[in-house]
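FYI, side chains are in, hydrogens and waters are out, and symmetry mates aren't considered; it's all heavy atoms of this structure.
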Protein chains: 2
Amino acid sequence: MSQPKSAEPRPYHHGDLRRALVDAARRLLEAEGPSALSLRAVAREAGVSPAAPYHHFKDKAELLDAVAHEGWEILGAQMTEAKNTATGMQQLTALGIAYVCFARDNPALYRVMYDAARDKEALPDEMEGKSESAYCMVRDTMVEHGADPAAEAHLELATIAAWCGAHGLAEMAGFKQFEHLKDELGGERQFLEAVLNHMGLFQAKHSAC
Amino acid sequence: MSQPKSAEPRPYHHGDLRRALVDAARRLLEAEGPSALSLRAVAREAGVSPAAPYHHFKDKAELLDAVAHEGWEILGAQMTEAKNTATGMQQLTALGIAYVCFARDNPALYRVMYDAARDKEALPDEMEGKSESAYCMVRDTMVEHGADPAAEAHLELATIAAWCGAHGLAEMAGFKQFEHLKDELGGERQFLEAVLNHMGLFQAKHSAC
DNA sequence: GTTCACATCTAAGCGCTGTACAGATGTCTT
DNA sequence: AAGACATCTGTACAGCGCTTAGATGTGAAC
């Protein structure tokens with residue numbers, strides 16, 4: 001019953017309002033889009049007063065950070081799964097596809113994730129180092145399939161290039177201008193694969209230069 | 001003195017409030033960043049009442065569209081200039097560098113441009129067709145340097161891939177995680193070129209399939 | 001040159017937002 | 001039983017996008 005108070009702040013009145021707020025935010029995000037995601041609306045959705053969130057988040061940006069954090073975790077999980085269902089060289093392609101599909105299936109969440117990143121001018125800290133992060137997974141997979149881990153700068157550039165390509169495609173894929181191409185190629189999935197292939201960034205390369 | 005009234009709406013009281021508002025918005029954007037760009041602030045900056053802009057723009061989004069439009073024009077001009085100062089195969093690289101440098105030098109404007117695009121789920125209409133648009137310039141330059149204009153889908157995929165890569169890099173280049181790489185490579189410019197080279201999208205390729 | 005139609009701009013106001021603060025309420029410790 | 005304290009509410013403020021009604025300047029018609 002008595003836990004050390006240094007542990008996570010125990011739920012009091014509400015149970016776990018912090019969790020409830022993040023969940024409410026994600027519900028709103030999916031139902032109404034990013035523009036409807038006001039702090040007050042989140043509080044309403046969670047059934048508390050407009051001031052209640054301030055006991056769990058410094059400001060609105062910190063709440064959105066928490067939402068974005070969950071987004072990165074889900075993305076990492078989906079990419080892990082995609083990697084495991086592919087073999088050999090195709091693992092890299094699978095990672096790229098999984099990334100872009102995540103953005104397509106969760107456009108509002110993806111937007112919150114990068115809005116937070118742009119404001120901080122940085123990807124979330126956990127992206128560095130933690131091997132289950134989406135970013136490191138791309139790098140590690142490149143090493144597994146031929147990239148030379150000793151050529152550090154080269155490896156990192158390749159990872160960044162791939163990441164940039166995937167992010168660019170993720171943002172552009174929904175644009176109306178490309179609809180006719182999707183039709184010509186036989187569907188969205190084919191379109192995404194075709195562009196990724198064109199980048200050549202998601203196929204294993206042996207280190208050069 | 002008497003012009004056909006079908007021409008552009010003549011300036012009345014203010015002179016040309018529409019122009020003044022767009023200019024004020026760009027001034028605010030540069031000075032205070034995107035978050036300070038409220039309709040009321042723009043009106044204040046232009047010295048008119050908060051309701052005045054509504055006689056020239058349907059809503060705030062339409063004002064931002066006008067700002068974004070100017071952004072695309074400036075980007076197109078800078079890319080044209082970059083292309084003309086390079087020769088042969090290096091024109092494509094020059095285009096990529098010019099694109100990313102524009103985003104680096106005008107981060108707030110670049111953000112407004114793509115915020116508008118994301119909301120509309122489309123790049124601005126002028127990007128299609130008009131040969132001086134940034135997008136078509138990339139495509140045309142690819143054709144000039146070896147791409148087969150007959151292989152339409154292939155050419156368009158190559159253009160999209162390049163565009164996605166450049167946009168991704170433009171958004172990521174400012175992130176703190178990459179600062180150490182910039183130092184290692186001898187500066188930001190070297191970093192940008194290295195990533196673009198890694199993409200391989202901005203070097204002329206002969207059509208293949 | 002006066003009048004009239006109309007484009008332009010202002011003043012005031014609505015409902016919303018993010019955030020601050022004071023005080024009420026529930027929970028744990030003693 | 002009492003005190004300490006995290007938690008939540010009520011209220012308030014300035015700023016936001018946007019609407020409406022009315023004032024004001026302008027070019028055209030007579």
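- For A/Arg19 and D/dT7, the CZ to C1' distance is 19 Å, given to the nearest whole Å.
- In this structure, B/Ala52 and A/Asp59 both approach DNA chain C, and ranking their closest nucleotides by distance from the 5' end singles out B/Ala52.
- In this structure, B/Leu37 atom CG and D/dG17 atom P are separated by 9 Å, rounded to whole Å.
- In this structure, the side chain of A/Lys83 does not engage the main chain of A/Val138 through any donor-acceptor pair within 3.5 Å.
- Rounded to 10 degrees, the angle separating the terminal axes of the helix from C/dG1-D/dC30 to C/dT30-D/dA1 is 10°, with each axis obtained from five end pairs.
- When the P atom of C/dT19 is taken as reference, atom CD of A/Glu62 falls 11 Å away, rounded to whole Å.
- Ion pairing between a basic and an acidic side chain is recognised when a charged N comes within 4.0 Å of a carboxylate O; A/Arg118 and A/Asp115 show such pairing.
- At a threshold of 4.0 Å, the pair B/Glu30-B/Arg26 does not count as salt-bridged, since none of the basic side-chain nitrogens sits closer than that to a carboxylate oxygen.
- In this structure, NZ of A/Lys58 is placed 15 Å from C1' of C/dA20, rounded to the nearest angstrom.
- Under 4.0 Å is where a charged nitrogen must lie from a carboxylate oxygen, and between B/Glu156 and A/Lys182 no such pair does.
- A/Lys176 has no carboxylate O lying under 4.0 Å from a charged side-chain N of B/Asp125, or vice versa, which leaves the two without a salt bridge.
- The nearest whole Å value for the distance from the NE2 atom in B/His55 to the P atom in D/dT19 is 12 Å.
- Whole-Å rounding puts the A/Leu21 CG to C/dG18 P distance at 13 Å.
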**Asked** For nucleotides 11-17 of chain C, read 5' to 3', which letter fits each nucleotide if B means a protein heavy atom sits under 4.0 Å from the base, S means only the sugar-phosphate is that close, and - means neither?
**Response** B-B---B
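- Going from atom CG of A/Leu64 over to atom C1' of C/dG18 covers 12 Å, rounded to whole Å.
- Between A/Tyr114 and A/Trp72, the distance separating the two ring centers is shorter than 6.0 angstrom.
- Side-chain N or O atoms of B/Gln91 include none that pairs as donor or acceptor with a backbone N or O of B/Thr141 at under 3.5 Å.
- Protein atom CG of A/Leu63 is 10 Å distant from nucleotide atom P of C/dT19, rounded to whole Å.
- Distances shorter than 4.0 Å separate none of the side-chain N or O atoms of B/His56 from OP1 or OP2 on C/dA7.
- The OH atom of A/Tyr135 lies 4.0 Å from the CD1 atom of A/Ile160; values are rounded to the nearest 0.5 Å.
- Closest approach to the B/Leu17 side chain among C/dC9, D/dT19, C/dG18 is made by C/dC9 (side chain taken as heavy atoms from C-beta onward).
- Under a 4.0 Å N-O distance rule, the pair A/Lys120/A/Glu62 does not qualify as a salt bridge.
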